[in-house]
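Residues take their numbers from the sequence shown, with the count starting at 1. This structure is a prediction, so every number in the text was calculated from the model and none was measured.
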Amino acid sequence: MIKLTTLTIAIAAICSASSFAASEPIEIIPAAVITNPEKVELGKMLFFEPRLSKSGFISCNSCHNLSLGGVDALPTSIGHHWQQGPINSPTVLNAEYGLAQFWDGRAKDLQEQAGGPIANPKEMGFSHELAVDTIRSMPAYQTRFASVYQTNNISIDAITDAIAEFEKTLVTPNAPFDQYLLGDKSAINSDAKAGYQLFKDKGCVSCHNGPAVGGTMYMKMGLVKPFHTKNPAEGRKGVTGKEADKFVFKVPTLRNIELTYPYFHDGSVWNLADAVNTMADIQLGQALTATETKQMVSFLNSLTGEQPQIVLPILPPSTPNTPRPVPFAD
């Protein structure tokens, strides 16, 4: 009878936790499930491959540094020939949960996004043709591509597909807040709990919801009051051409937000408390007290999950047929 009672209590607790999690606007981030490890490993190599850039120095990891929360911790990124990038580099962590990629949503998915920087003269400064030639010139890559894709024809589509497959594994599960959603009420402190209630009561969840706590919609930056910036980015207008889309950007994820400073598309704010107050002001038309700000930041810090544990790949050596890097040319 005692065993049955204990089992019944345990089942009831699990059901209660599941019901609580299901009723919340923020969803749990699950751990990555890798079904094709060979493709993921190839994608990891390409993610760290600087020879996909004209300089032979810039890789995907340069702007989406996996040691820094998937960002470069700069207001705007440094591109080929030390050019200043046009916009803040968004985190690659949990990026799979976004409705599209880039701040303006111009790439429909991770694969399409992966091809953009390679051919962008202000980023990696290369071309897709030369990128393919570079990878094709190395026998070790030829062997891996043949094994993964069952063809000897290396293409930009295969390169970006492999990178995307690796990026899909860059999720950050088991954040304290996830544990809280799963029923462990001691996983976050009282400030974080109060901050989460504020997050819901003030209306933050209308944009920041789902597994990534964002990334599911577009919203105007400066909804209630103008957002003053010197950054020239115009958001969705650059994609659609519509004036109504000016300064409309993809809502960023708040997962791991304490790691992904500086904030906003222009990277103008370095302090999370300042970012919280700015958003409350220009998006919601509200002013937070010092206590409310502290509580909100405590909640946001509880969204930091387990970071991907990456073993750096050993990349194959160049050959006489590998295009030579041109690091100091325009």
- Would you call the rings of Y196 and F177 parallel, tilted or perpendicular if under 30° counts as parallel and over 60° as perpendicular? perpendicular
- Item | Whether W103 and H265 hold their rings parallel, tilted or perpendicular, with breakpoints at 30° and 60° | perpendicular
- Task: Tell me, with the steps shown, if I156 and E129 meet side-chain contact (heavy atoms from CB on, under 4.5 Å).
- Result: CA-CA 8 Å; I156 192 64; E129 293 75 17; over 6 Å; no
Salt bridge present between [X] and [Y] (N-O < 4.0 angstrom):
| X | Y | answer |
| --- | --- | --- |
| D104 | K250 | no |
| K200 | E24 | yes |
| R255 | D178 | yes |
| K220 | D245 | no |
| D133 | R136 | yes |
| K294 | D191 | yes |

For the backbone of [Y] and the side chain of [X], can you confirm whether one donor and one acceptor N or O come within less than 3.5 Å of each other?
| X | Y | answer |
| --- | --- | --- |
| Q111 | D157 | yes |
| T304 | N256 | no |
| Q309 | Q307 | yes |
| Q286 | K202 | yes |

Please name the pair of heavy atoms, one in [X] and one in [Y], separated by the smallest distance, quoted to 0.1 Å.
| X | Y | answer |
| --- | --- | --- |
| P313 | E41 | CB-OE2, 4.3 Å |
| Y180 | K193 | CE1-CE, 4.0 Å |
| L52 | I118 | O-CG2, 3.7 Å |
| S298 | A192 | OG-N, 3.3 Å |
| Y261 | V71 | O-CG2, 4.2 Å |
| H80 | P327 | CE1-O, 4.4 Å |

Just verifying a value: how many Å separate [X] [atom1] and [Y] [atom2], rounded to the nearest 0.5 Å?
| X | Y | atom1 | atom2 | answer |
| --- | --- | --- | --- | --- |
| Q283 | C207 | CD | SG | 7.0 Å |
| Q179 | I188 | CD | CD1 | 11.0 Å |
| E49 | N61 | CD | CG | 12.0 Å |
| K122 | H81 | NZ | NE2 | 14.0 Å |
| S302 | I257 | OG | CD1 | 12.5 Å |
| T319 | Y141 | OG1 | OH | 12.5 Å |

Quick one: do [X] and [Y] end up in the same hydrophobic cluster if we chain Ile, Leu, Val, Met, Phe, Trp and Tyr together by side-chain heavy atoms under 4.5 Å apart?
| X | Y | value |
| --- | --- | --- |
| M138 | L315 | yes |
| V148 | I135 | yes |
| L254 | V269 | yes |
| L312 | L93 | yes |
| V92 | I78 | no |

- Message: Taking transitive links into account, so neighbours of neighbours count too, which hydrophobic residues share a cluster with I29 at under 4.5 Å side-chain distance?
- Response: Y97, V171
- Please lay out, stage by stage, how S62 and D72 fare under the test side-chain hydrogen bond (donor to acceptor under 3.5 Å, both in side chains). CA-CA 7 Å; S62 299; D72 55 16; over 6 Å; no
Is there a donor-acceptor contact under 3.5 Å linking the side chains of [X] and [Y]?
| X | Y | result |
| --- | --- | --- |
| R51 | T322 | no |
| E306 | T172 | no |
| S268 | D266 | yes |
| E38 | S147 | yes |
| D161 | Y149 | yes |

- R144 and M45: CA distance, side-chain angles, deciding distance, side-chain contact (heavy atoms from CB on, under 4.5 Å) verdict: CA-CA 11 Å; R144 284 183 177 271; M45 294 173 71; 3.4 Å; yes
- Message: Evaluate K225 against D281 for salt bridge (Lys or Arg N to Asp or Glu O under 4.0 Å), listing each step before the verdict.
- Response: CA-CA 7 Å; K225 297 180 182 180; D281 182 35; 2.7 Å; yes
- For side-chain contact (heavy atoms from CB on, under 4.5 Å), just list the numbers for F48 and L66, CA-CA rounded to whole Å, side-chain angles, deciding distance to a tenth of an Å, and then say yes or no. CA-CA 10 Å; F48 284 94; L66 299 182; 4.0 Å; yes
- Message: Assess the residue pair M221 and F264 against the criterion (side-chain contact (heavy atoms from CB on, under 4.5 Å)); give the C-alpha distance rounded to whole Å, side-chain angles, the decisive distance to 0.1 Å, and a yes or no.
- Response: CA-CA 9 Å; M221 183 64 169; F264 309 144; 3.7 Å; yes
- Taking the side chain as C-beta and beyond, is there a heavy-atom pair between L170 and I310 under 4.5 Å? yes
